[in-house]
Structures are given as structure tokens and as C-alpha cells.
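Naming: A, B, ... by sequence-line order, numbering from 1 per chain.
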There are 2 protein chains.
Amino acid sequence: MASKESTPDVSRRSERSRRAIFDAALALVGEVGYPKTTVEGIAARAGVGKQTIYRWWRSKADVLLDAFLDLSEQAAEAAGQAPYAIPDTGDLAADLKGVLRATVDELQDPAFAAPSRALAAEGVVNEELGRRFVARLLLPQLELYADRLRSAQRAGQVRADIDPRIALELFVSPLAQRWLQHTGPISYEYTDTLVDYALNGLAPR
Amino acid sequence: MASKESTPDVSRRSERSRRAIFDAALALVGEVGYPKTTVEGIAARAGVGKQTIYRWWRSKADVLLDAFLDLSEQAAEAAGQAPYAIPDTGDLAADLKGVLRATVDELQDPAFAAPSRALAAEGVVNEELGRRFVARLLLPQLELYADRLRSAQRAGQVRADIDPRIALELFVSPLAQRWLQHTGPISYEYTDTLVDYALNGLAPR
DNA sequence: AGCGTACGAGACGAACCGTCTCGTCACACC
DNA sequence: GGTGTGACGAGACGGTTCGTCTCGTACGCT
């Protein structure tokens, strides 16, 4: 006897509907924007009853989070084995600049940017969803930077007393803020500059 | 003959209603959250007809932006003459740490944080409003940091070839991102560390 | 084979939306 | 001061979406 609140019988779930809902949600967010995307609209486009959505998710934000996670997994598989590991050529500055340039490209891709923006915005105001978004998407990404910085510490290219988890924010957060809040333009030149400033510092050497 | 689209006769506007709407909007956002704040709710609480709100603003986000700008001005006046100018004692690190600590306190204040969060979130997804939010609130703040950094450049404490507008992001953006996206805790120790890392760089000196 | 349950479809009341229409009253203008 | 214009509070209105519910159908465990 399953608890009344728990999700229904997962083994009988229609994979076909699940995928159709993901596709419809991502498409709608890209086409009409997040605020105008409705559960009814998703259901209609997916050829699915509303109840089927409400049976498995609690809100449209929930649907979009799962849809985006699914999209990310697909993208990761398509991109090859290691999902977005940061290269380690021994040249820290070059490695970081390369990854940030790839991120810049990603942020310009509407298919990726629209749902990502929507989820980030929802997370700002809805703490519970925000924490899930961060834990499942953002933090794993940040951890890759931390790993690369630790490697640089072992190589003596970064001071040993530096906390990698904070250090990475010096170049990641500015890019994130410019993108999210439109506080400035985004370009390769900009991210390259961030890396240079972060590694060398603002004070004269 | 005024254009049909322009705002109605401003000289006949009720200041009483304007203030009541601001108070109600800020109170509701703080109490029930931004998504559950409605135009009808604001009108009812302010003791005002809905039309009076739609006559002067286009959306609840617009109302909240004006309400928050008003709140900021009041706070600035109450805090004294110069609105949040960054002190210049000659010790750049200490000055920055002081201001950032004050910002940390501000971000913990619910009366200030709730509407600020709501506007930031709306701005992420609504670019037009986002740009106004940034132009009228965020950029003026950032310019103060840029000014302080330019002063430090003249004093030889910051390299002359550094772009102050980008440099300030090294310590401002990480704090912003942690606060907005809940990517990590916020504390004096954290912001102090950011300033140290940014000024001295991650690489060994 | 059959039972159970997820499914598509859509009806339902509730909440808000944004527009509109009242009658009232404050204030700008003369 | 007197007058008339237009903003005001109030709320009715149709439309949209919400989240719940109730059907009959058909898929998939056991």
C-alpha cells in the first residue's frame, strides 16, 4: 500500500508521455517565454491530459527542471564520455579561458539559454526549487573548476592557502551576473580578462 | 491635448494613493512572496481601485520597481547626505571590506531583500524590466566601486592597465551570485576573503 | 487472462487578469 | 470663489489559467 502522497506506480509510467512533456515544455519556453508557458499549454502541445502532468510534477517549474536536466544529460552524452571535464594541459590560464569561452557560446544558444534563464529566475524567488537547481546543475559544474584549481595548487601555479571553492567564483560569478542580469556585454575578450585579473590580482606585482 | 498613450494628468495625481500603493506592494511581497502578490491584492490593501494602479503602471513588476526605488531613496536620505559613497581612507582593502560587510548586512534584512530578490528574478526573465532595474539601481552602485578603484589606481595600489568596471566584478559578483542563487553562505569572512583574493590574485606572488 | 491503474480528454469552481463603467470629489484654472 | 475636468474608489465583466475531479479507454504488471 503506497502512501497517498507518494508518486504513483512508476513501473506503469508512460515514457512516451514523459518525453512529449519535456519536449513541449522546452519548446514553449523557447518560443513564448517562461511566464507565458502554462501547464495547459504544455499538456495540449504534448497531446497529454493535464492530470498526467500534475500526477508527476507539482508545478511548471518542476517540469522544466526535469526537462532541462534531461536535456543536459543528452547533451553530455552526445559530447562524449567525460561530461565537461576541464582540460589540464598544465597551463591554468589557457585551460580556464578555453572553458569560459565555451560557456560564452553556450550562453548565446537560445535552446539552452531560455530554459536556463527561466529556472534561474524561478530559483531566485522560490528557494526550494532554487536549491534543487543549484545542487543538481550548478554545483557539479563548479566542482569541476575547483578540481582544476586544486590541480594547479599541486603544480604550484595557485597559492596553497587559497580556497578553490571561493577562488573559482572570481571568474565564474562575474560572467554569470552579466548574463543573468544584463549588467554588461559578454565576449571572449571579457572572460579572458577575468581570468587574467583573477590569477594575477588587481594590485601591482 | 495629451496623447492617448501618455500618462494622465500628473498634476492631479493623488500622492496619498501613490504612497499607499508602494507600502502595500512592499508589504505583500515581504509577507506572501512575489508570485502570490497580485495587483488586486495590492489595490485592496492600499484601499485603492485597481484602475488607479493600471492608470500609472503597466504591471505589478513596474509597481514594485517604483516602490523599491522610492524605498531606496528614503533609505539613502535617512542614512545621510552622500548616498552610499565608498570611503577613501587610503587603505583600499579595508575600504572595500567595510562596504561589502555593510552590503552583507543589507542582504540579510528581509524588508530590503524580499523586493530586491523579486525584482532581480523578474529582470532575469523580463529583459526590458531587467535593464531598467539594472540601470537605475545596480549600475549606480557599481559606479561607486569603479570610482574607488580609479582612486586606488592614482595612488598606485591598483595596476594602471586594469579596467575598474571589470575589476569590481571580481568581488561584487560572487557575493551577488551566492545571495541570488543560494550557491553558498554569506558572511563577513567570505567577503573579506574575496577582497584579498581579488587584490592579490590566485597565483603565487 | 484479468485486474488495476495510468492515460487522454475535458468539465468544474476559484482566482486574477486587464478593461470598463459607474458616481463622487478634489484640485487646477479662471 | 465658482466651475468643470479628470483622477478617484468600487466593483462588474468576460477571458484565461489554475489545480482538482471524473469519465471511459487501453496499457502493462502478475
Side-chain angles (χ1 to χ4, degrees), chain A residues 1-25 27-29 31-66 118 122 125-126 128-129, chain B residues 1-25 27-29 31-66 118 122 125-126 128-129:
Chain A
M1 178 195 289
S3 155
K4 186 174 184 180
E5 300 150 9
S6 78
T7 55
D9 191 336
V10 182
S11 65
R12 313 189 64 143
R13 183 171 189 178
S14 166
E15 176 67 13
R16 178 188 196 77
S17 297
R18 205 181 70 100
R19 301 225 55 84
I21 289 166
F22 286 169
D23 292 345
L28 281 177
V29 167
E31 290 173 15
V32 306
Y34 179 70
K36 287 188 178 174
T37 297
T38 66
V39 175
E40 297 203 341
I42 295 172
R45 177 149 183 165
V48 144
K50 287 202 302 180
Q51 189 60 28
T52 300
I53 294 182
Y54 284 113
R55 178 156 30 235
W56 301 106
W57 295 278
R58 289 184 307 179
S59 65
K60 71 168 175 177
D62 259 291
V63 174
L64 195 58
L65 177 57
D66 276 358
E122 187 73 22
V125 131
N126 177 346
E128 193 272 331
L129 183 119
Chain B
M1 179 194 287
S3 155
K4 188 176 183 180
E5 299 150 10
S6 79
T7 55
D9 190 337
V10 183
S11 67
R12 311 190 68 152
R13 183 170 190 177
S14 164
E15 176 67 13
R16 178 186 196 79
S17 297
R18 205 180 71 100
R19 300 226 57 85
I21 289 167
F22 286 168
D23 292 345
L28 282 176
V29 166
E31 290 172 16
V32 306
Y34 180 69
K36 287 187 178 173
T37 297
T38 66
V39 174
E40 298 203 338
I42 296 171
R45 177 147 184 165
V48 144
K50 287 203 299 178
Q51 188 62 23
T52 299
I53 294 183
Y54 283 113
R55 179 155 32 232
W56 301 105
W57 295 279
R58 288 183 309 180
S59 66
K60 72 168 173 176
D62 260 291
V63 174
L64 195 59
L65 177 56
D66 276 358
E122 186 71 21
V125 131
N126 176 347
E128 193 273 331
L129 184 118

OP1, OP2 of D:dG9 versus side-chain N and O of B:Thr52: anything below 4.0 Å?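 Yes, B:Thr52 has a side-chain N/O under 4.0 Å of OP1/OP2 on D:dG9.
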Phosphate contact (C:dG18 OP1 or OP2) by B:Trp57 side-chain N/O below 4.0 Å: no
Distance, rounded to the nearest Å, where [X] contributes [atom1] and [N] contributes [atom2]:
X	N	atom1	atom2	result
A:Arg55	D:dG19	CZ	C1'	14 Å
A:Glu40	C:dA9	CD	C1'	12 Å
A:Ile53	D:dC18	CD1	P	9 Å
B:Ile42	C:dA15	CD1	P	18 Å
A:Leu28	D:dT17	CG	P	11 Å

base_contact_polar (C:dG18 base, B:Lys50 side chain, donor-acceptor, <3.5 Å): yes
Ignoring hydrogens, what is the shortest heavy-atom contact between [X] and [Y]? Give both atom names and the distance.
X	Y	answer
B:Ala61	B:Leu129	CB-CD1, 3.6 Å
B:Lys60	B:Val39	CB-CG2, 4.0 Å
A:Leu28	A:Ile42	CD1-N, 3.6 Å
B:Phe22	B:Val63	CE2-O, 4.2 Å

Residues of residues 16-23 of chain A with any non-hydrogen atom less than 4.0 angstrom from an atom of DNA chain D: list those, numerically ordered, please. none
Within this structure, what is the [atom1]-[atom2] distance for the pair [X] and [Y], rounded to the nearest 0.5 Å?
X	Y	atom1	atom2	answer
B:Asp23	B:Arg45	CG	CZ	9.5 Å
A:Lys50	A:Thr52	NZ	OG1	11.5 Å
B:Asp62	B:Glu128	CG	CD	7.0 Å

What nucleotide among D:dA7, C:dG10, D:dT17 has an atom nearest to a side-chain atom of A:Thr38?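 Closest nucleotide among those given: D:dT17.
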Which of these nucleotides, C:dG10, C:dA6, D:dA7, is closest to any side-chain atom of A:Pro8?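 Of C:dG10, C:dA6, D:dA7, C:dA6 is nearest to the side chain of A:Pro8.
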Would you indicate whether B:Arg16, at its atom CZ, is surrounded by more than 12 heavy atoms from other residues, nucleotides or ligands within a distance under 6.0 Å? no
Reading DNA chain C from 5' onward, which residue's closest nucleotide shows up sooner: A:Trp56 or B:Lys60? A:Trp56
Report, as a single string ordered 5' to 3', how protein heavy atoms within less than 4.0 Å touch nucleotides 21-30 of chain C: B base, S sugar-phosphate only, - not at all. -----BBS--
Looking at B:Trp56, is B:Arg13 sitting on its ring face, NZ or CZ under 6.0 Å from the six-membered ring centre and within 45 degrees of the normal? yes
Select base, sugar-phosphate, or nothing to describe what B:Gly41 touches, counting heavy atoms under 4.0 Å on all strands. nothing
